[in-house]
Protein chains: 2
Amino acid sequence: MNDIKVGLIGFGNIGAGVVKLLTNNAEVIRGKVGAGIVLKRIADRDITTDRGVAVDPSCMTTDVNDIFDDPEISVVIELVGGYEPAKSFVLRAIEKGKHIVTANKALLALHGQDIFAAAARKNVEVQFEAAVGGGIPVLTAIKGNMAANNFGSVFGIMNGTCNYILTRMTQEGADFADMLTAAQELGYAEPDPTFDIEGVDTAHKLAILVSLCFGTRIDFNAIHTEGISRISGLDVKFARDFGYRIKLLAIGKLSDGKVEARVHPTMIPLHNPMADVNGVFNAIRLTGDFVGAVMFYGRGAGQDPTASAIVGDLIGLSRSMLAGAGRRMAPLGLMDEQVRDLPVKPMADIVSKYMLRFSTRDIPGVLGTITGALGKHGISISSMVQTAHEANDNAPVPIVIMTHEAVEGSVQAALEEIDRLDFVCEKTSFIRIEDNLE
Amino acid sequence: MNDIKVGLIGFGNIGAGVVKLLTNNAEVIRGKVGAGIVLKRIADRDITTDRGVAVDPSCMTTDVNDIFDDPEISVVIELVGGYEPAKSFVLRAIEKGKHIVTANKALLALHGQDIFAAAARKNVEVQFEAAVGGGIPVLTAIKGNMAANNFGSVFGIMNGTCNYILTRMTQEGADFADMLTAAQELGYAEPDPTFDIEGVDTAHKLAILVSLCFGTRIDFNAIHTEGISRISGLDVKFARDFGYRIKLLAIGKLSDGKVEARVHPTMIPLHNPMADVNGVFNAIRLTGDFVGAVMFYGRGAGQDPTASAIVGDLIGLSRSMLAGAGRRMAPLGLMDEQVRDLPVKPMADIVSKYMLRFSTRDIPGVLGTITGALGKHGISISSMVQTAHEANDNAPVPIVIMTHEAVEGSVQAALEEIDRLDFVCEKTSFIRIEDNLE
């Protein structure tokens, strides 16, 4: 059979991984597809830097049009990253009738609708398994074998930087700032880590998961996004005392026609398999009305796992083309015209359990005032810990309260009220609890 | 678009689940496929028993030829189970040019080659996601998005009956026989549980996984298969003391062109996510040369999860047909002519760590004799526990030895020699250890 010819735009770390996989495992891939997958052209602004993989120099070009204008190239891999020029490149490749494979979560989270609409007009496919969970084939599963289900929830631990920091905070009883520095020294965190530690990367991935699971467009800005920088070693310790571990969790839920989409530090029960997802591993857990709970676990980033997902997408597209299929699947695994615009539930309306950690001066009446304020807002307490005095009588005393399920708006109103009281020494820490992970 | 017409053979518990899913989620499925998936005919010897789902009586037939001879029916779901007449039904459906979806692991494990060869001749697909891990979409992932990898290993906890019994033995310190009875009372074990507890069901699933991961035919009888009935509460307790949990693990490995394929009770490190796979949940863990370690977790059996996998296969086939594709993928996700016949490594040649539990009379020189016999066979000891005397001086004393890696043949030879000694009170218990699960 005729080989499938592919063009690659963006020859960085992941692009080099794709070249390595297509080269090293060429015979494996040929055996699976029945034809070769040949990288005919690689476009990048920089074609001189050594990427650690052997490439025929005649494949390299600085002009992306060499890919767009080559009628032999049927699939374009976009690994430029970011919004522009990545978006323009993808739209031009679609315009030229080429299928798209991309790992660009930011682009899909913010501009997925435009890209998917263009792909529908030109009857091409857009595949993006590598955009969520690295090598973990979770998107293929949601769109594919689990597609018969109504999904009720999706939970993800999807940022290696955050999970590495939180894992070490848990194991060593350390504080956030020290572990961030350690992660940076080891190359697990960027010099400017904001994008990861403030949850933006996780929110991009959640936007994609929510779209796929619930068949809806979602406004990225409607996703409530909190990072882990406000988590202290004390929070981690108290969470463990109550039988929980803190993870940066992406949460998507669908109920009564409304979507919850939020990213924030979350307490997970210690004996749940997701509590054991440590270091740079990722996990995504979904529930479908027939399949029940399913969890996927693996390496969420890195050159090799990401290349595995990208080439996996190429294999799927190649099989369809070789079998004579036109467009076999819309980008969300759902007919384009069926994609909905479900409303996102405001954070004030969500219901959760909470761990509240107050830091107060040790004077009479503190506990009564706090519990009174919570009660006034309809928040009921499931358990409480007030630790003994420190040696220094003037040191702030932590009071930790676990709540039953409460409405977020009421919790925020109560905390605002409490944080204005003059015996409160610092802003109250609150962490949401998710213990319905089956 | 035209609806996809399907025939179902075998209207038991799982068949009823498929009807329920196709009915309840008909609109979801239509949205994903772009056409309806319509169950046109259901064949069973018994068409009068109420299966708890509403079926148009005119769909029902006792004559399977009503399905084979209907040119509108393009996919046949085989849920008869067992070897015959299931095999004949599948071959006749293939002969009639129909795609096959089946959950029949026993049939595929023993007669997969005949069925796959017939499917290749008639250019139809055979899909069987439900045969392994219930609703967990692991086969689709191996054949699909992870297909670019060379797989090195696959591990599975894949029998709910065994895992339920072992979980309760662990949690309650109970013995096998009592927990088997409890499982039977709750309906988690069959009245004749042999097939499950002796590992045969798990071995069927392993045969399928090994074929898929390593691209090889495998003689089912070459799979070493041990069940859990020889595991005692004492084994579970000592395993935990050494930091392990006992699971019935299916193990497939590929090295130096030889396959290991074995099912036996196995000690897994407590802090590995697979150690937390409890009760009726299943997990399958694979390693690929690019993707690294990936784990899939979910409900491994039951009407609804199994129906999810079966209808997932239907959705995949329907998409291909509607996109105009012929046969998009061979049954193993590998061109038929590429499937190999790799040799299976004899058990005597495998290398493992072991926990050995000796039961001896408490006389001088016992430990020296045992360690001497192990040493003679090249088995070195990593740690040891000899518990204190019981009140009764004549009671057997357990000696538990953890070994370093050793060749199975040497271990068996040493144990045979030791078990002939007159101070040995009962056959020595040995449990293999798998601590390379990353």
Side-chain angles (χ1 to χ4, degrees), chain A residues 17 21-22 24-25 28-29 31-34 129 135-137 140-141 143-150 215 271-273 276-277 285 288-299 302 304-305 307-309 311-316 319-320 322-329 333-335 338, chain B residues 17 21-22 24-25 28-29 31-34 129 135-137 140-141 143-150 215 271-273 276-277 285 288-299 302 304-305 307-309 311-316 319-320 322-329 333-335 338:
Chain A
L21 177 48
L22 286 173
N24 292 8
N25 289 5
V28 173
I29 294 164
K32 303 287 177 80
V33 170
E129 182 59 73
I136 306 170
T140 310
K143 292 187 287 185
N145 193 267
M146 304 200 300
N149 288 270
N150 287 294
H271 292 293
N272 190 281
D276 277 330
V277 176
R285 187 179 180 90
D289 56 350
F290 275 74
V291 75
V294 180
M295 186 178 84
F296 301 79
Y297 169 94
R299 294 186 179 279
D304 286 359
S308 170
V311 177
D313 283 346
L314 289 178
I315 289 175
R319 282 175 171 153
S320 294
L322 292 165
R327 187 196 208 209
R328 187 172 168 273
M329 208 193 304
L334 179 68
M335 299 291 107
Q338 297 277 332
Chain B
L21 176 47
L22 287 174
N24 291 9
N25 289 6
V28 173
I29 295 164
K32 303 285 177 82
V33 171
E129 182 58 76
I136 305 170
T140 310
K143 293 187 287 185
N145 193 267
M146 302 199 302
N149 288 270
N150 287 295
H271 293 293
N272 189 281
D276 276 330
V277 177
R285 188 178 178 91
D289 56 351
F290 275 74
V291 75
V294 180
M295 186 178 85
F296 301 78
Y297 168 94
R299 296 186 176 276
D304 286 358
S308 170
V311 176
D313 283 346
L314 290 178
I315 288 174
R319 282 176 170 151
S320 294
L322 291 165
R327 188 195 206 211
R328 186 170 169 274
M329 207 194 302
L334 179 67
M335 299 290 107
Q338 298 276 333

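Lettering of chains follows the sequences in order, A, B, ..., and the numbering in each one begins at 1. These numbers come from the heavy atoms of this one structure, side chains and all, not from hydrogens, waters or symmetry mates.
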Could you pull out the closest heavy-atom pair between B:A323 and A:R327, with the gap in Å? CB-O, 3.8 Å
Winner by heavy-atom pair count (cut-off under 4.5 Å) against chain B, out of A:D276, A:D313, A:L314, A:N149: A:N149
Region of B:L21 that comes under 4.5 Å of a non-hydrogen atom in chain A: both
Excluding sequence neighbours, so at least two apart, what forms side chain to side chain donor-acceptor pair (under 3.5 Å) with B:K143? B:Q127
Looking only at A:I29, A:N150, A:L22, most heavy-atom pairs under 4.5 Å shared with chain B are made by A:N150
For residues A:M146 and B:S308, report the shortest heavy-atom separation together with the two atoms involved. CA-OG, 4.5 Å
Could you go through B:V311 and A:F290, starting from their C-alpha distance and side-chain angles, then the distance that decides it, and tell me whether this counts as side chain to side chain contact (heavy atoms under 4.5 Å, CB included)? CA-CA 10 Å; B:V311 176; A:F290 275 74; over 6 Å; no
Which of the residues B:G298, B:A325, B:A141, B:G326 is involved in the greatest number of heavy-atom pairs with chain A at under 4.5 angstrom? B:A325
Do you know which two heavy atoms are closest between B:V291 and A:G135, and how far apart they sit? CG2-O, 3.4 Å
Restricting to non-hydrogen atoms, name the atom on A:G31 and the atom on B:L334 that form the minimum distance, rounded to 0.1 Å. O-CD1, 3.4 Å
Identify which of B:G144, B:G333, B:G302, B:G215 forms the greatest number of heavy-atom pairs closer than 4.5 Å to chain A. B:G333
Which residues pass the side chain to side chain contact (heavy atoms under 4.5 Å, CB included) test with A:A309, not counting sequence neighbours? A:E129, A:A130, B:N145
Residue pair B:P137 / A:V294, side-chain heavy-atom distance below 4.5 Å: yes
Is the side chain of A:R285 donor-acceptor paired with the backbone N or O of B:Y297 at a distance under 3.5 Å, no angle test? no
Say you draw a straight line from CE of B:M295 to CD1 of A:I136; how long is it, rounded to the nearest 0.5 Å? 10.0 Å
As a test of understanding, state which of A:V28, A:D304, A:N25 forms a side chain to side chain contact (heavy atoms under 4.5 Å, CB included) with B:D289. A:N25
Looking at B:A148, B:P305, B:G17, B:G288, which one has more heavy-atom pairs under 4.5 Å with chain A than the rest? B:A148
Closest heavy-atom pair, B:S320 versus A:R328, reported as atoms and distance to 0.1 Å, is OG-NE, 2.8 Å
